[in-house]
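First comes the structure, then the notes that go with it.
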Amino acid sequence: PQASITARCIVASDRWGIGSHGLMRLPFYLARLQAGGINPAAELKTITDLPSLVVFDGDDGLGHWQLHHAAELASERAMVNGVAAVGVGRSNHCGALGIYVWPMINRGLVGIAFSTGPAVMPPWGGNKALLSTSPIAAGIPTNPPTVVDLATSAVARGKIQAKAQAGAELEPGWAFTKDGAPTTDAKEALAGMLAPLGGAKGYAVAVLVESLTGMLIGPTLAKNIPDMFAASQDGLPQQISHFVIAIDAAKLSVDGPHSRTQEFEDEVKVAGGRLPGSGRVNPERLDSNDEITITDQVAEQLKNWSQKLGI
C-alpha cells in the first residue's frame with residue numbers, strides 16, 4: 001500500500017499539470033533509494049500520541065505515503081475531537097503539498113498542510129539561504145473544493161529544475177545567484193537562492209512554515225537538509241518534516257447549519273472569478289483512463305530506469 005499510495009500521489013501531480021512535482025521527480029527518488037538517502041523499509045514510529053496531536057518519526061522513508069497517512073489519521077481524530085494535528089519528522093520530499101488536504105476535504109473537513117525542504121531562500125534583507133520554499137496548502141470543503149497550494153518563495157524549486165532540464169530562462173525576479181545577484185539562468189538559480197513571494201510578507205510566512213516543521217518537529221532545519229537535485233548528496237537522508245491539521249468544518253459555525261459556503265461560491269462566480277484549485281481532480285479518485293503529459297526528457301529517464309531495474 002505504501003508504494004501504491006506514493007505512485008498515486010506522484011501521478012496526481014502530473015494529472016494536475018504540476019509536472020515539476022510529478023514523474024519528473026521519480027528518477028531523483030530512485031537514485032536516492034539506491035544510494036541510501038531514502039529508506040525503502042521505513043516504518044512510522046510513534047513519538048507522541050494524544051487525542052488531538054500525534055507525532056511520528058518517519059525513519060527516513062518517502063514523504064508521500066507518510067504525509068498521506070498523517071492526513072488520514074488527522075481526519076479520523078478531527079471527526080471525533082473537532083480538531084487534530086499530526087506531525088512527521090525525519091521524512092523525505094512529498095511532492096505537491098495540496099494532495100494531502102484531500103483526505104480532509106473528502107470527509108467534509110478543513111485541511112491545512114506544511115512542509116519543509118532544502119534551504120533556498122534568504123531571510124528578508126539577508127544574503128544566506130536559511131529557508132526552504134516553505135510550501136503551505138489548505139483545503140476547504142466547498143463545491144467544488146477550494147485548494148490553496150503554494151510555495152512562499154516566488155516559485156517552487158521544482159519549476160526551476162524543470163526549466164533547467166528544458167534549457168529555458170526564468171522569469172525576472174524569481175531567483176538569485178549564490179552571490180545574491182538576480183539571475184534568469186535556471187542552473188545558476190539551482191545553485192543559488194530563490195526570492196520570497198511578496199517580499200517581506202512572503203518571508204514572514206516562510207518563517208511560520210519553517211517554525212511548524214523543521215524547528216518544532218525536526219530533527220533538521222532547512223539549512224541542513226540535503227538537496228535532492230544534487231547527485232553527490234543522494235546518500236544523505238533529507239530528514240524533512242511535515243505537519244497537517246484537520247478541523248471539523250461543521251463544528252465551527254456560531255449559528256448552526258448555514259448557507260454561507262454556497263453564498264460565497266456563487267458570489268465568486270458572479271464576480272467572474274473561481275475558487276482556488278477548483279479545477280483539480282480528486283487525487284483520491286483518479287481515473288485510469290485520464291491522460292497526463294510528460295516531457296521527452298522525463299520519458300527517456302523513466303525508460304532508462306526501467307531498463308536498469310529490469311521492469
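With hydrogens and angles disregarded, no donor-acceptor distance shorter than 3.5 Å links the side chain of Ser306 to the backbone of Leu302. Side chain of Asp149 to main chain of Ala96: no donor-acceptor pair is present (N/O by atom type, distance under 3.5 Å, no hydrogens or angles). Not one N or O on the side chain of Asp59 forms a donor-acceptor pair closer than 3.5 Å with the backbone of Gly61. Using a distance-only test at 3.5 Å, with no hydrogens or angles considered, a donor-acceptor pair links the side chain of Gln233 to the main chain of Asp227. Proximity of a side-chain donor or acceptor of Gln238 to a complementary backbone N or O of Ile225 within less than 3.5 Å is not detected. Formation of a donor-acceptor pair under 3.5 Å by the Arg274 side chain with backbone atoms of Val268 is not found in this model. In terms of modelled atom types and a separation under 3.5 Å, the side chain of Ser241 and the main chain of Gly214 share a donor-acceptor contact. At distances below 3.5 Å, not a single donor-acceptor pair connects side-chain atoms of Tyr29 with backbone N or O atoms of Leu62. Side-chain atoms of Thr177 come within 3.5 Å of backbone atoms of Ala181 as a donor-acceptor pair (strictly under, hydrogens ignored). Between the side chain of Ser4 and the backbone N or O of Pro1, at least one donor-acceptor pair lies under 3.5 Å.
Ring geometry, Phe229 versus Phe28: the interplanar angle exceeds 60°, so the pair is classed perpendicular (tilted spans 30 to 60°). Using bins of under 30°, 30° to 60° and over 60° for the plane-to-plane angle, the ring pair Trp16/Trp102 lands in the tilted bin.
Distance CD/Gln301 to NZ/Lys308: 10.0 Å, rounded to 0.5 Å. Rounded to the nearest 0.5 angstrom, Asp57 CG and Ile47 CD1 are separated by 5.0 Å. Distance check: Leu67 CG to Asn92 CG gives 12.0 Å after rounding to the nearest 0.5 Å. In this structure, NE2 in His242 is found 9.5 Å from OG1 in Thr213, a value given to the nearest 0.5 Å. Atom CD1 of residue Ile217 and atom OG of residue Ser211 lie 11.0 Å apart, to the nearest 0.5 angstrom. Atom NE2 in His68 sits 9.5 Å away from atom CD1 in Ile99 (nearest 0.5 Å).
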Stepwise side chain to side chain contact (heavy atoms under 4.5 Å, CB included) check, Leu131 with Tyr203: CA-CA 9 Å; Leu131 297 157; Tyr203 161 65; 3.5 Å; yes
Working note: His93 + Arg32, criterion side-chain hydrogen bond (donor to acceptor under 3.5 Å, both in side chains); need CA distance, chi angles, decisive distance, verdict. CA-CA 11 Å; His93 188 259; Arg32 291 183 54 75; over 6 Å; no
Checking side chain to side chain contact (heavy atoms under 4.5 Å, CB included) for the pair Thr46/Phe56: CA distance, chi angles, key distance, verdict? CA-CA 5 Å; Thr46 304; Phe56 292 112; 3.4 Å; yes
What verdict does the side chain to side chain contact (heavy atoms under 4.5 Å, CB included) test give for Met24 and Gln297, after you've listed the backbone C-alpha separation in whole Å, the side-chain angles of each residue and the deciding distance to 0.1 Å? CA-CA 9 Å; Met24 187 205 85; Gln297 187 170 11; over 6 Å; no
Quick one: do Arg260 and Asp255 satisfy side chain to side chain contact (heavy atoms under 4.5 Å, CB included)? Show the steps, please. CA-CA 11 Å; Arg260 290 187 298 274; Asp255 55 353; 2.9 Å; yes
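What you find for His258 and Ser253 is that their closest heavy atoms are CD2-OG, 3.5 Å. In terms of heavy-atom proximity, Ser91 sits nearest to Gln66 at OG-OE1, 2.7 Å. The two residues Ser52 and Val83 have their closest heavy-atom pair at OG-O, 3.0 Å. Summarising the geometry of Asp248 relative to Ala78, their closest heavy-atom pair is CB-O, 4.0 Å, with the distance given to 0.1 Å. The two residues Ala222 and Ser132 have their closest heavy-atom pair at CB-N, 3.8 Å. The shortest non-hydrogen separation linking His64 to Cys9 is CD2-CB, 3.9 Å.
At a threshold of 4.0 Å, the pair Glu72-Arg107 counts as salt-bridged, since one of the basic side-chain nitrogens sits closer than that to a carboxylate oxygen. The pair Arg77-Asp49 counts as a salt bridge, with a side-chain nitrogen and a carboxylate oxygen less than 4.0 angstrom apart.
Counting only heavy atoms from C-beta outward, the side chains of Met228 and Arg25 approach each other to under 4.5 Å. Looking at Ile311 and Trp305, their side chains never come closer than 4.5 Å, going by heavy atoms from C-beta outward. In this structure, Lys163 and Val155 have side chains that are not in contact, with every pair of non-hydrogen atoms separated by 4.5 Å or more. Looking only at side-chain heavy atoms (C-beta outward), Val207 and Trp124 stay at 4.5 Å or farther from each other. At least one side-chain heavy atom of Gln239 sits less than 4.5 Å from a side-chain heavy atom of Asp60. Contact annotation: the side chain of Lys201 never approaches that of Val205 to less than 4.5 Å [non-hydrogen atoms, C-beta and beyond]. Two residues are said to be in side-chain contact when any heavy atoms from C-beta on lie closer than 4.5 Å; Val298 and Gln165 meet this criterion.
Under 3.5 Å, the side chains of Thr116 and Glu210 contain a donor-acceptor pair of N or O atoms.
No option in Asp290, Thr293, Ile292 other than Ile292 meets the side chain to side chain contact (heavy atoms under 4.5 Å, CB included) test with Asp14. The only member of Pro196, Ser134, Pro135 that meets side chain to side chain contact (heavy atoms under 4.5 Å, CB included) when paired with Thr152 is Ser134.
Annotation: Asn282, atom CG; neighbour count of heavy atoms from other residues, nucleotides and ligands within 6.0 Å is above 12.
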